[in-house]
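In what follows, a structure is listed as structure tokens, so that the remarks can point back to it.
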Number of protein chains: 2
Amino acid sequence: MTAEPDSALHTDAARPSRREQILQAAARLFAERGSRSVGVDDVGAAVGVTGPAIYRHFASKDAMLAEMLLRISERLLAGADQVVADAGEDPAAQLAALVAFQVDFALDNPALITVQDRDLGALSDDDARQVRRLQRRYVERWVAVLAALHPQASTADCRARAHALFGLINSTPHSAGRLSRSAMAALLTAMATTAATA
Amino acid sequence: MTAEPDSALHTDAARPSRREQILQAAARLFAERGSRSVGVDDVGAAVGVTGPAIYRHFASKDAMLAEMLLRISERLLAGADQVVADAGEDPAAQLAALVAFQVDFALDNPALITVQDRDLGALSDDDARQVRRLQRRYVERWVAVLAALHPQASTADCRARAHALFGLINSTPHSAGRLSRSAMAALLTAMATTAATA
DNA sequence: CGCCGACGTGAACGGTGGTTAACATCCCGG
DNA sequence: CCGGGATGTTAACCACCGTTCACGTCGGCG
């Protein structure tokens, strides 16, 4: 999809500003060791500056994480709306589009996937609420499609289904790179699709 | 399966000693907020003592986490060996047994599931290596069964499949309790089985 | 009874790490 | 050319937290 990994953070993908470099480096480090275990100095060093230089670009370390998670959530939600709209009326086609989108995102942004579900708890109550709202809306897009595919299933059932599919697709950071990207995409797509229609 | 949640930590399930109480409370707190964000005072308070009292039972906070993760990994591996042996020679039956086992474990010990894949990085290199070795052996049990079911698939392929199935089944902590335990078990089992044989 | 080990407490210590302050550098617009 | 804003650096500050210490209590056992 895009050239560099975890590029979903970039607002303008042209030439990454120092600010974007920091966000991307932080995402990688946070994914590897957890946000609490990564010092400001580590993030700075990763982009060639000292720790306090971060504060020229972000109000705090927490603000960094908050912006990171908010951007991911917003991007996912916007993407879901996009691909569902483009898929037409057929629920099966909509599901296929959602799966393809999530698979692409997971393969392109493994670090963001990891950080998003690990460091949500490190956010302030306010930021966490906002991220959770976006995530919930994203899940609802899936639930709507799954409900159309399983008319007899309850909403709670569809929600659990959606989370199970996320878990399946987002497993990519765990099985790191032994398979080619295309093979991985094909495998995950096949498994997710059959699991969704079970 | 067992009465209290995340009871897989208990060595003797009879009357939990103070030591076991601490481990279980710590597991819950670690799962909720991450081990780095939980102070020893928090763990102590959760069992009705002050922070330093912890050191009457554990050498350090890290040792607590290490024992927690080691126990989980050992228990999973032993369980896998058990159920595979009991399932006979049929790969399909073996897979069904593994799935049922993992589903039961995930539903019984949501906190442990969360901690295991979130706080591995907080361990010392030595402890982390040990846990990873056990986890790898557990994965290999799955890979062996999946390879028997998919003779044409490569080992890397089967490994990715296994991780995907773990992600699917271990999604339970995310879709918390809107569904009954039995409904959840049935749903996850069905999805995992169809995804595995796709 | 009297000792001793198990268990717990409050106080103190020390390192780590986020954050700020004070001071340079560089570049661009007037 | 000069001034100011953007960007960095080093040093210092301060809060938090894991850990240790000195002390107290209590229950069992010789």
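The sequence lines fix the lettering, A, B, ..., with proteins before strands; numbering per chain opens at 1.
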Nucleotide by nucleotide, nucleotides 4-20 of chain D touches protein heavy atoms under 4.0 Å in the pattern (B base, S sugar-phosphate only, - none) ---BBBBB------SBB
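Shown here are the side chain to side chain donor-acceptor pair (under 3.5 Å) partners of A/T189, two or more places apart in sequence or in another chain: there are none. Every side-chain contact (heavy atoms from CB on, under 4.5 Å) that B/V84 has, sequence neighbours left out, goes to B/Q94, B/L98. A/D41 pairs by the side-chain contact (heavy atoms from CB on, under 4.5 Å) definition with A/P52, not counting sequence neighbours. Applying the side-chain contact (heavy atoms from CB on, under 4.5 Å) rule to A/A128 yields the partners A/L120, A/L123, A/R132; only residues at least two apart in sequence or on another chain are considered. In terms of the side-chain contact (heavy atoms from CB on, under 4.5 Å) criterion, residue partners of B/A25 (sequence neighbours excluded) are, by chain and number, B/A46, B/V47.
Sorted by first then second residue, the salt bridge (Lys or Arg N to Asp or Glu O under 4.0 Å) pairs that include residues 182-196 of chain A, not counting sequence neighbours, number zero. Among residue pairs with one or both ends in residues 76-88 of chain A, those qualifying as salt bridge (Lys or Arg N to Asp or Glu O under 4.0 Å) are A/D81-A/R141; sequence neighbours excluded. Judged as a salt bridge (Lys or Arg N to Asp or Glu O under 4.0 Å), the pairs with a partner in residues 116-131 of chain A (not counting sequence neighbours) are, in order, A/D126-A/R129. Counting only residues at least two apart or on different chains, the salt bridge (Lys or Arg N to Asp or Glu O under 4.0 Å) pairs with a member in residues 157-167 of chain A are A/E140-A/R159, A/D157-A/R161.
Listed in residue order, the members of residues 121-130 of chain A having a heavy atom less than 4.0 Å from DNA chain C come to none.
Ring-plane geometry between A/F166 and A/H163 is classed as perpendicular, the angle between the planes exceeding 60 degrees on a 0 to 90 degree scale with a lower cut at 30.
Of all nucleotides in DNA chain C having an atom under 4.0 Å from a heavy atom of chain A, the first and last in 5' to 3' order are C/dG18 to C/dA22.
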